[in-house]
Protein chains: 2
Amino acid sequence: MKTSDALQLPPRVRALSVERSLRRGEVLFRRDDAALGLYEIVGGHIRLSRVDADGREVILHSAGPGDLVAEASLFSPNYHCDAIALTDARVRLYPKRALLADFRRDRRAADAFMAMLARELMALRTRLEQRNLRSASARLEHHLALNTEADGRTVILRGTIKDLAAELGLSHEALYRTLNKMESAGKIARAKGTITLEKRTLL
Amino acid sequence: MKTSDALQLPPRVRALSVERSLRRGEVLFRRDDAALGLYEIVGGHIRLSRVDADGREVILHSAGPGDLVAEASLFSPNYHCDAIALTDARVRLYPKRALLADFRRDRRAADAFMAMLARELMALRTRLEQRNLRSASARLEHHLALNTEADGRTVILRGTIKDLAAELGLSHEALYRTLNKMESAGKIARAKGTITLEKRTLL
DNA sequence: CGGCGTTTTGAGAGAGCTCAACATCGGTGG
DNA sequence: CCACCGATGTTGAGCTCTCTCAAAACGCCG
């Protein structure tokens, strides 16, 4: 589940980061473990969850490549949920001490991190808003309208259609059908890796 | 749409904030306007949106009482979307210069703000994950499991059932029916303003 | 050429949405 | 004190849309 594109942690800190591999099912950290820092998912998927009063697992988040998890660990002595590899995975730990020290040393690094959080927040709110749209076509149009290139018409797909379906919270079949319908209706044109919005006929 | 509970901006900055009223339909800011700072919604609802290539409005977020909007404006010279009052509303502007100055002066203020963003991010991811659950009961159980008081059983409702339905992304009718079903099934007990999870019978 | 995952298309069922009607509860004003 | 009113809470019934399960065509890579 890709949430944001750009991750730009200070090179100094990146130099201090440590990569690690996990087997499917392996535990990255558990609730109440001492918070070492935040993780970037390099490959695979990590599931963040908590266990409820009856011992059932409640999923908080499924993170995929490019995602950052446990940012809040920077400000807490321990983790607040469990993190378990959903698939074989590769993660990169950014030690909190190094990060916080860097923020202290370099104000711009701190600002940049804050800005990153703020931007991610914005993107996430937008995505949540999108989920309020019931129909597949509305969700797709919402997504397309907000992800065009500079021309305002072209949308470059970053993964497969299945990936897009997952991002939109739709079954891939529903998305395929919707794409077909919209193409037949002349609303979009499809090419390999891109979707182009057609000029809407005025009323 | 309530996203988080606690908003704790430094008192020094709060002292510098300015409250303002808006009529329904009034513009708070427009895209590319100079970014004055971030806003806290005191009352009413503000809609953040962008206009797509065909002139249609694409909703990014609907913010309600207690919500913060335009955090990213702190790190950008201008706003990136339109903000328009959906209802008569009251907002509080936290001037970015004051905020940033405060962050510079007091490291803990900056950390606290960062922590707030991180926590909100976490909560939002969880909410998005919840939306991946299709059935009304699954969404409700997810929400209940994650919002119990210390006893792990009691959930205090902060608004009306309709509000909860909106937060869960369900029609209020669907939620009422689900509550009924779960109560009949002995999974929950309802009292005025609270829902109590019943001890789950073991297998 | 032989898999494997993606892309398509088909058909059926279920769940929630919508519209509608009614009950309930405060609050307001006569 | 009571009547009225608006918003919340509640229940009913049909409809639409997506999900799910299935199966087949396609494309890529070893």
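Convention: sequence-line order gives letters A, B, ...; per-chain numbering from 1. Scope of the values below: all heavy atoms of this structure, side chains included, with no hydrogens, waters or symmetry mates.
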### Query
Can you tell which of dT6(C), dT10(D), dG16(C) lies closest to the side chain of T160(A)?
dT6(C)

### Summary
When K192(A) and S137(A) are each assigned the nearest nucleotide of DNA chain D, the 5'-most assignment goes to S137(A)

### Message
Could you tell me how far apart E173(B) (CD) and dA23(C) (P) are, to the nearest whole angstrom?
### Response
17 Å

### Query
What is the distance from CG of L164(B) to P of dT10(D), rounded to the nearest Å?
13 Å

### Task
Rounded off to whole Å, could you give me the CD-to-C1' distance for the E183(B) and dT10(D) pair?
13 Å

#### Entry: Polar side chain donor-acceptor pair, Y39(B) to R20(B), under 3.5 angstrom
no

#### Entry: Distance in angstrom units between R177(B) CZ and dC19(C) C1', rounded
11 Å

### Query
Rounded to whole angstroms, how far apart are CG on L170(B) and C1' on dT18(D)?
15 Å

### Message
Looking at R97(A), I'd like to know if its CZ atom is crowded, meaning that more than 12 non-hydrogen atoms belonging to other residues, nucleotides or ligands lie closer than 6.0 Å.
### Response
no

### Task
Determine the contact category for R134(B): base if any of its heavy atoms lies under 4.0 Å from a base atom, sugar-phosphate if only primed atoms, P, OP1 or OP2 are that close, otherwise nothing.
sugar-phosphate

### Message
Heavy atoms from C-beta onward define the side chain here; which of dT7(C), dG9(D), dC17(C) lies closest to that of A174(B)?
### Response
dC17(C)

#### Entry: Donor on one side chain, acceptor on other, T154(B) and E149(B), under 3.5 Å
no

### Query
What is the distance from CG of L140(B) to P of dA15(C), rounded to the nearest Å?
16 Å

#### Entry: Residue-phosphate contact under 4.0 Å: Y176(A) side-chain N/O, dT8(C) OP1/OP2
no

### Message
I need the CG-P distance between L175(A) and dT20(D), as an integer number of Å.
### Response
14 Å

### Query
Can T87(A) and R24(A) be counted as having a side-chain donor-acceptor contact under 3.5 angstrom?
no

### Query
Across the strands shown, which category fits R190(B) at heavy-atom distances under 4.0 angstrom: base, sugar-phosphate, nothing?
sugar-phosphate

### Task
Would you please say whether a donor-acceptor pair under 3.5 Å links the side chains of R131(A) and N132(B)?
yes

### Query
Over how many whole Å does the gap from D163(B) atom CG to dG9(D) atom P extend?
8 Å

